[in-house]
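Below you'll find the structure, written out as structure tokens, and then a few comments.
Whatever order the structure lists ligands and atoms in, that order sets their numbers, starting from 1.
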Amino acid sequence: MKVTIVGAGNVGASCADVISYRGIASEVVILDIKEGFAEGKAMDLMQCATNTGFNTQITGVTNDYSKTANSNVVVITSGIPRKPGMTREELIGINAGIVKSVAENLLQHSPNAIFVIVSNPMDTMTYLTFKSLGLPKNRVIGMGGALDSSRFRYYLSKALGKPANDVSAMVIGGHGDTTMIPLTRLASYNGIPVAEFLSQEQLEKVAADTMVGGATLTGLLGTSAWYAPGASVAYLVDSILNDQKKMIACSVFLEGEYGQNDICIGVPCIIGKNGLEEIVSIQLNDAEKALFDKSADAVRAMNADLKSHLG
Ligand SMILES: NC(=O)c1ccc[n+]([C@@H]2O[C@H](COP(=O)([O-])OP(=O)(O)OC[C@H]3O[C@@H](n4cnc5c(N)ncnc54)[C@H](O)[C@@H]3O)[C@@H](O)[C@H]2O)c1
Ligand SMILES: O=C(O)C[C@H](O)C(=O)O
């Protein structure tokens with residue numbers, strides 16, 4: 001199976017690292033616009049093979065889309081990351097043009113690929129890709145919820161003092177500091193609701209920390225995070241390539257689901273060999289529903305900025 005990752009920067013390279021290390025794909029192509037950069041990342045990663053014991057073939061190319069031909073999955077991480085103090089939404093002006101042209105190039109060479117969108121603002125970039133390529137909705141998937149959910153589980157595990165892998169929890173809604181919705185009511189520690197162990201105040205702090213999880217890391221690192229984002233993309237790609245049918249919160253095009261239309265936003269999805277295989281409908285309570293509608297309003301307002309790109 002072949003995966004192309006566009007953008008050999010922090011997230012793209014980290015994603016290639018996890019995909020190869022875990023043997024998720026037999027072939028990975030990394031493409032970047034910066035001369036020699038992807039080639040260097042691919043060479044560095046390939047020199048891990050004998051020490052970590054993987055057999056994936058990683059190739060780096062400078063803007064040569066012919067090398068991406070017939071990929072099963074393509075991942076778009078190209079574009080600029082935010083700096084401390086910025087929101088993801090401020091990246092739209094630069095990233096929209098990059099994502100649109102990259103997506104069109106990829107489709108020309110891999111007409112059957114499933115598209116995974118990572119560049120920010122991710123929900124808007126997913127909507128742009130979906131609208132400009134005209135693909136069926138199962139083939140355009142935005143990655144954000146997998147990462148936000150892993151952060152939610154991390155913060156819950158810290159509050160509980162228990163391993164994150166014993167915690168089950170999901171974040172839906174937009175992938176933004178104020179738009180994501182950690183589903184605290186449904187989070188559990190080994191099947192037991194977390195509210196059995198944590199106070200309302202503790203749960204509110206966990207949710208608040210989760211929502212600004214990306215901003216916190218950006219403040220600490222000076223640019224946005226990459227290890228957990230790269231691992232989250234690899235997790236999603238694994239579910240597609242190996243038809244795992246995992247339930248992962250992803251940004252996908254809604255046509256009435258969760259009461260929304262004409263928007264890409266995070267909802268629980270079954271992800272398998274056809275990409276998005278099912279949107280899972282869960283019963284939100286009134287408060288969660290109100291948050292979801294508010295989140296969708298904010299994401300839709302961002303999408304309005306795409307007018308010049310969607311003609
Ligand atoms: N959805 C998420 O959960 C999530 C998580 C982390 C980062 N991100 C986003 O992913 C994007 C990348 O982040 P990063 O930290 O890897 O940034 P980075 O600057 O390290 O890497 C971006 C790479 O894209 C390349 N690039 C720019 N224009 C290109 C083009 N037209 N064609 C090919 N390559 C091009 C750059 O040369 C650079 O190497 C950012 O927009 C960031 O906000 C999203
Ligand atoms: O925070 C960012 O800007 C990058 C990414 O969306 C993240 O959540 O790590």
Side-chain angles (χ1 to χ4, degrees), residues 4-17 29-42 60-65 67-68 74-106 115-126 128-129 141-152 154 171 173-180 209-236 248-251 264-266:
T4 286
I5 301 167
V6 179
N10 286 334
V11 177
S14 169
C15 169
D17 189 19
V29 174
I30 318 175
L31 181 148
D32 203 281
I33 200 166
K34 223 188 293 173
E35 189 68 42
F37 190 57
E39 287 84 339
K41 288 288 179 98
V61 294
T62 303
N63 231 19
D64 179 0
Y65 281 86
K67 297 291 194 301
T68 70
V74 297
V75 178
I76 302 181
T77 75
S78 47
I80 55 164
R82 63 173 158 168
K83 294 261 180 287
M86 289 173 76
T87 65
R88 297 174 180 87
E89 287 76 7
E90 287 173 69
L91 307 173
I92 189 172
I94 295 180
N95 286 354
I98 294 174
V99 168
K100 186 169 187 233
S101 71
V102 163
E104 286 167 353
N105 283 327
L106 285 168
F115 282 66
V116 174
I117 316 305
V118 182
S119 309
N120 272 317
M122 180 279 295
D123 299 290
T124 299
M125 295 301 104
T126 304
L128 171 66
T129 305
I141 303 171
M143 195 299 292
L147 173 63
D148 300 332
S149 301
S150 72
R151 288 185 178 142
F152 189 24
Y154 162 82
V171 176
H175 178 62
D177 297 343
T178 57
T179 57
M180 64 181 81
D209 287 346
T210 300
M211 292 175 76
V212 295
T216 300
L217 286 162
T218 304
L220 292 168
L221 297 168
T223 184
S224 57
W226 57 90
Y227 294 119
S232 304
V233 178
Y235 181 76
L236 181 58
I248 305 175
C250 295
S251 184
C264 292
I265 190 166

Is the number of heavy atoms from other residues, nucleotides or ligands within 6.0 Å of CD1 (Ile94) greater than 12? no
The side chain to side chain contact (heavy atoms under 4.5 Å, CB included) partner of Arg88 among Thr218, Asp123, Asp177 is Asp177
side-chain contact (heavy atoms from CB on, under 4.5 Å) between Val6 and Asp32: does it pass, once the steps are laid out? CA-CA 6 Å; Val6 179; Asp32 203 281; over 6 Å; no
Just list the N/O pairs, ligand 1 to protein, that are under 3.5 Å apart, with the distance for each.
from	atom 1	to	atom 2	distance (Å)
ligand 1	1 (N)	Val118	O	2.9
ligand 1	1 (N)	Met143	O	2.8
ligand 1	3 (O)	His175	NE2	3.3
ligand 1	8 (N)	Asn120	ND2	3.4
ligand 1	16 (O)	Asn10	N	3.2
ligand 1	16 (O)	Val11	N	2.8
ligand 1	20 (O)	Asn10	N	2.9
ligand 1	24 (O)	Gly79	N	3.4
ligand 1	34 (N)	Ile33	N	3.3
ligand 1	37 (O)	Asp32	OD1	2.6
ligand 1	37 (O)	Asp32	OD2	3.4
ligand 1	39 (O)	Asp32	OD2	2.6
ligand 1	41 (O)	Ile80	O	2.8
ligand 1	41 (O)	Asn95	ND2	3.3
ligand 1	41 (O)	Asn120	N	3.2
ligand 1	43 (O)	Asn120	ND2	2.9

Below 3.5 Å only, please: the N or O atoms of ligand 2 paired with protein N or O atoms, distance on each line.
from	atom 1	to	atom 2	distance (Å)
ligand 2	1 (O)	Arg82	NE	3.2
ligand 2	1 (O)	Arg82	NH2	2.8
ligand 2	1 (O)	Arg88	NH2	3.4
ligand 2	3 (O)	Arg82	NE	2.6
ligand 2	6 (O)	Arg88	NE	2.8
ligand 2	6 (O)	Asn120	ND2	2.9
ligand 2	6 (O)	His175	NE2	2.6
ligand 2	8 (O)	Arg88	NH2	2.8
ligand 2	8 (O)	Arg151	NH1	2.8
ligand 2	8 (O)	His175	NE2	3.4
ligand 2	9 (O)	Arg151	NH1	3.3
ligand 2	9 (O)	Arg151	NH2	2.8

Counting only N and O atoms by type, is there a donor-acceptor contact under 3.5 Å from the side chain of Thr4 to the main-chain atoms of Val74? no
Might you work through the side-chain contact (heavy atoms from CB on, under 4.5 Å) test for Tyr65 and Leu106, ending with a clear yes or no? CA-CA 7 Å; Tyr65 281 86; Leu106 285 168; 3.9 Å; yes
Correct closest heavy-atom pair for Leu91 and Ile80 would be CD1-O, 3.4 Å
Side chain Ser149, main chain Val171, donor-acceptor under 3.5 Å: yes
Verify side-chain contact (heavy atoms from CB on, under 4.5 Å) between Met125 and Asn95, making sure each step is shown before the conclusion. CA-CA 8 Å; Met125 295 301 104; Asn95 286 354; 4.2 Å; yes
Restricting to non-hydrogen atoms, name the atom on Met122 and the atom on Asn120 that form the minimum distance, rounded to 0.1 Å. N-OD1, 3.0 Å
